[in-house]
There are 2 protein chains.
Amino acid sequence: MATIKDVANLAGLSRSTVSRVMNKYPYVSEEKKRLVEEAMKSLNYYPNSSAQTLRSQKTDTIAVFIPMLTNPFFSHLLEGIDTVATEKGIRLLVCQTKYEAAIEKEFFNLLKSKQVDGIILTSLENDWASVREFAEHGPIVMCNEYDASSGMPNVCLDQVYGGYIGTRHLIEKGHRKIAFCQGRFKSLVSKARESGYKLALEEFGLAAKEEYAFRIAADYQDGKEVLKQMRALSDPPTAIFTGSDQVAAGLVYEARNLGLKVPEEIAVIGFDDQPIAEVTYPQLTTIRQPAREIGRRAMLLMLSKILSEENQLEDLEPLMLELIERSST
Amino acid sequence: MATIKDVANLAGLSRSTVSRVMNKYPYVSEEKKRLVEEAMKSLNYYPNSSAQTLRSQKTDTIAVFIPMLTNPFFSHLLEGIDTVATEKGIRLLVCQTKYEAAIEKEFFNLLKSKQVDGIILTSLENDWASVREFAEHGPIVMCNEYDASSGMPNVCLDQVYGGYIGTRHLIEKGHRKIAFCQGRFKSLVSKARESGYKLALEEFGLAAKEEYAFRIAADYQDGKEVLKQMRALSDPPTAIFTGSDQVAAGLVYEARNLGLKVPEEIAVIGFDDQPIAEVTYPQLTTIRQPAREIGRRAMLLMLSKILSEENQLEDLEPLMLELIERSST
DNA sequence: TTGAAAGCGATACCAG
DNA sequence: CTGGTATCGCTTTCAA
């Protein structure tokens, strides 16, 4: 591969001048500029990016940590991030953590080794305390999840509100025995939603029963399983608030499988409003998360950090969770 | 950030020795080794990767071109690629082309600028002729799609067979008027499946009617639309072979919406066997593509190229498409 | 077993 | 407006 030196030689000029042409500096005569461009063309020259990076200390690359690539919520989030990134000429290093702290921890070193300018987190498996040191090496922006104590810049939604409107909707539909179902226990998003769930129950004078709480359901199969467990209870709930459309879909499927009518005998509410929510029978009532837009904003936030232009990142209207009523409630 | 020089100074040794320790060279005395390690620890040192890259000409990074991140087929493919990559310490630069040749073309320059060691293609929007020059700068491996004329190493399935078994299945179910539906026209995968479709028809003495061919359907909404178009035909088909579960789901939904019975009045067969196939009502008969495994193998193939160890990439059993019969046919 | 020094390919300061 | 040169941080001969 040709280097800047080859171009300089062919054009009969210095490396400095070639560099100036590449970087669109002023003060280069039209003639030399043409000479350089011709030389670049005829050598099929393309600058070596690691040399540029080493010199400039900028990678124009961002790492994105994703727990599970196949989860539609995260792929939409990534899509949003990618769209802005590509627009701005930023490359994306995608790091799948598989929900494992050790893998995630390892990826944080990308910042230390200066392979990326910053990291966008879409979840956090490690304690903030154990990774805060990395923030000295570049901006870390969080989206989806949040950790108030960390002071990390973030883009997120009011998940307490999400738990609240979902539960309230079920109550308004006449339910009194409402179960709560979520993914991994440690997630702050889950905790927030549970607060909202309890808030709604309280408001209507209902008690949260611990046996109505399922804290391990993450996918379609889990949803089926949860339905079975629910039915085995001595006083089974008549409605359930779930943390994802996958789980809700599993519940609905298994309910029908057992001959239960949805929503008459068991009402189900999903979360996310993924494509799957329109495909189940009956279609899922769910709470829409604007995943793409969260991603977009996270990337914009990151840009404002790495360009450290004090571009105030124009105040965007707050992102809201929204109840989408279909037929499962 | 500390550099190798700082470490050398603190340890009272030369940069060479520090480098040798980092790279686990033999011939370093235990004592100096310990000294270096202590210095690295106390300086919280981490080598600068662009310096390493510049010097060694290896990035340990692979670019993956994906047309659409939110398409579950591609996210599973990516998951497979990622799993092997992470295992081997290879980073992934994810490039979403949005099915646009211009965007894709731009990404190819990653190879020229030496930001990546190789590229894994999961589709190809440009003509091979217009991108073949890039192959001089590093290995390009293709998966999912294929282009016989290019001679590119690839991992793919017999899509003709896919079209064949799907169509044959419909014929065996008693259908004679069978429609064919696919995504973008130019895709070779689509063309191959259509050949298989025609092959099956021919085998049973049936003619392929051009008005039964729909070549623009890529998602759920498109599926709904296709069903309407089909029904508007003077002699509507009684079965349809589709190129994706999304489209099939749309068809099934719209059929039910119009009061048509599936599969009695209209049989639908999907493709991929994505999670969505179990969620529709009725559940989709479909043709399973082992997306994760395709991804895994593509990455293994890439590794064999960049390590250029003549490690014969042990002969794996061929990947096969497989008919999964559920209730939509 | 260790160190000195050249060089990977680009950028930017300082002269002229 | 243009060129010489030091420099980014690391690896790898070559000598000792």
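Letters go in sequence order (proteins before strands), and every chain restarts at 1. Remember, predicted model here, so these are calculated numbers, not experimental data.
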Quiz item: Do Ser14(B) and Thr17(B) have side-chain N/O donor and acceptor atoms under 3.5 Å apart?
Solution: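 Checked: Ser14(B)/Thr17(B) side chains pair up, N/O donor to acceptor below 3.5 Å.
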Quiz item: So does Lys33(B) have more than 12 non-hydrogen atoms from other groups sitting under 6.0 Å from NZ?
Solution: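 Open: at most 12 neighbouring heavy atoms sit under 6.0 Å from NZ of Lys33(B).
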Quiz item: Does atom CZ of Arg91(B) have more than 12 heavy-atom neighbours, drawn from other residues, nucleotides or ligands, at distances under 6.0 Å?
Solution: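 Check passes, neighbour count above 12.
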Quiz item: Want to settle it: does Ser14(B) or Tyr46(A) sit nearer the 5' end of DNA chain C, counting the closest nucleotide to each?
Solution: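 By nearest-heavy-atom nucleotide position, the 5'-most residue is Ser14(B).
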Quiz item: Does Arg34(A) have any side-chain hydrogen bond (donor to acceptor under 3.5 Å, both in side chains) partners at least two apart in sequence or in another chain, and if so, which?
Solution: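 Counting only residues at least two positions away or on another chain, Arg34(A) forms a side-chain hydrogen bond (donor to acceptor under 3.5 Å, both in side chains) with Glu38(A).
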Quiz item: Is there a residue in residues 15-37 of chain A whose heavy atoms reach under 4.0 Å of DNA chain C, and which residues are they?
Solution: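 Contacts with DNA chain C under 4.0 Å: Arg15(A), Ser16(A), Ser19(A), Arg20(A), Met22(A), Asn23(A), Tyr25(A).
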Exercise. Report yes if the side chains of Ile140(B) and Ser150(B) come closer than 4.5 Å at any heavy-atom pair, otherwise no.
Key: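 They are not in side-chain contact.
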Quiz item: Hey, is the main chain of Phe73(B) close enough, under 3.5 Å, to the side chain of Asn71(B) for a donor-acceptor pair?
Solution: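 Yes; judged by distance alone, with no hydrogens or angles, the pair exists.
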Quiz prompt | Under 4.0 angstrom between Thr3(B) side-chain N/O and dG9(D) OP1 or OP2 | solution =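 No.
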Quiz item: Are Tyr45(B) and dC10(D) close enough that a side-chain N or O sits under 4.0 Å from OP1 or OP2?
Solution: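 It does, given that an N or O in the side chain of Tyr45(B) lies less than 4.0 Å from OP1 or OP2 of dC10(D).
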Report the distance from atom [atom1] of [X] to atom [atom2] of [N], rounded to the nearest whole Å.
X	N	atom1	atom2	answer
Leu13(B)	dG3(C)	CG	P	5 Å
Asp6(B)	dC8(D)	CG	C1'	13 Å
Met1(B)	dC8(D)	CE	P	16 Å
Asn9(A)	dG9(C)	CG	C1'	14 Å
Asn48(B)	dC8(C)	CG	P	18 Å
Lys5(A)	dG3(D)	NZ	P	15 Å

Exercise. Take the angle between the ring planes of Phe107(B) and Phe65(B) and call it parallel below 30°, perpendicular above 60°, tilted in between.
Key: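 Answer is tilted, since the angle falls between 30° and 60°.
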Practice problem: Could you identify which residues of residues 50-62 of chain A place a heavy atom less than 4.0 Å from some atom of DNA chain D, listed by residue number, or say none? | Solution: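 Those residues whose heavy atoms fall under 4.0 Å from DNA chain D, taken from residues 50-62 of chain A in numerical order, are Leu54(A), Arg55(A), Gln57(A).
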Self-check item: Candidate pair Val18(B) and Val21(B), rule side chain to side chain contact (heavy atoms under 4.5 Å, CB included), full reasoning
Solution: CA-CA 5 Å; Val18(B) 175; Val21(B) 171; 5.8 Å; no
Practice problem: Run the salt-bridge test on Lys112(B) and Glu133(B) with the 4.0 Å N-O cut-off and return the result as yes or no. | Solution: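 Counted as a salt bridge, because a side-chain N and a carboxylate O are separated by less than 4.0 Å.
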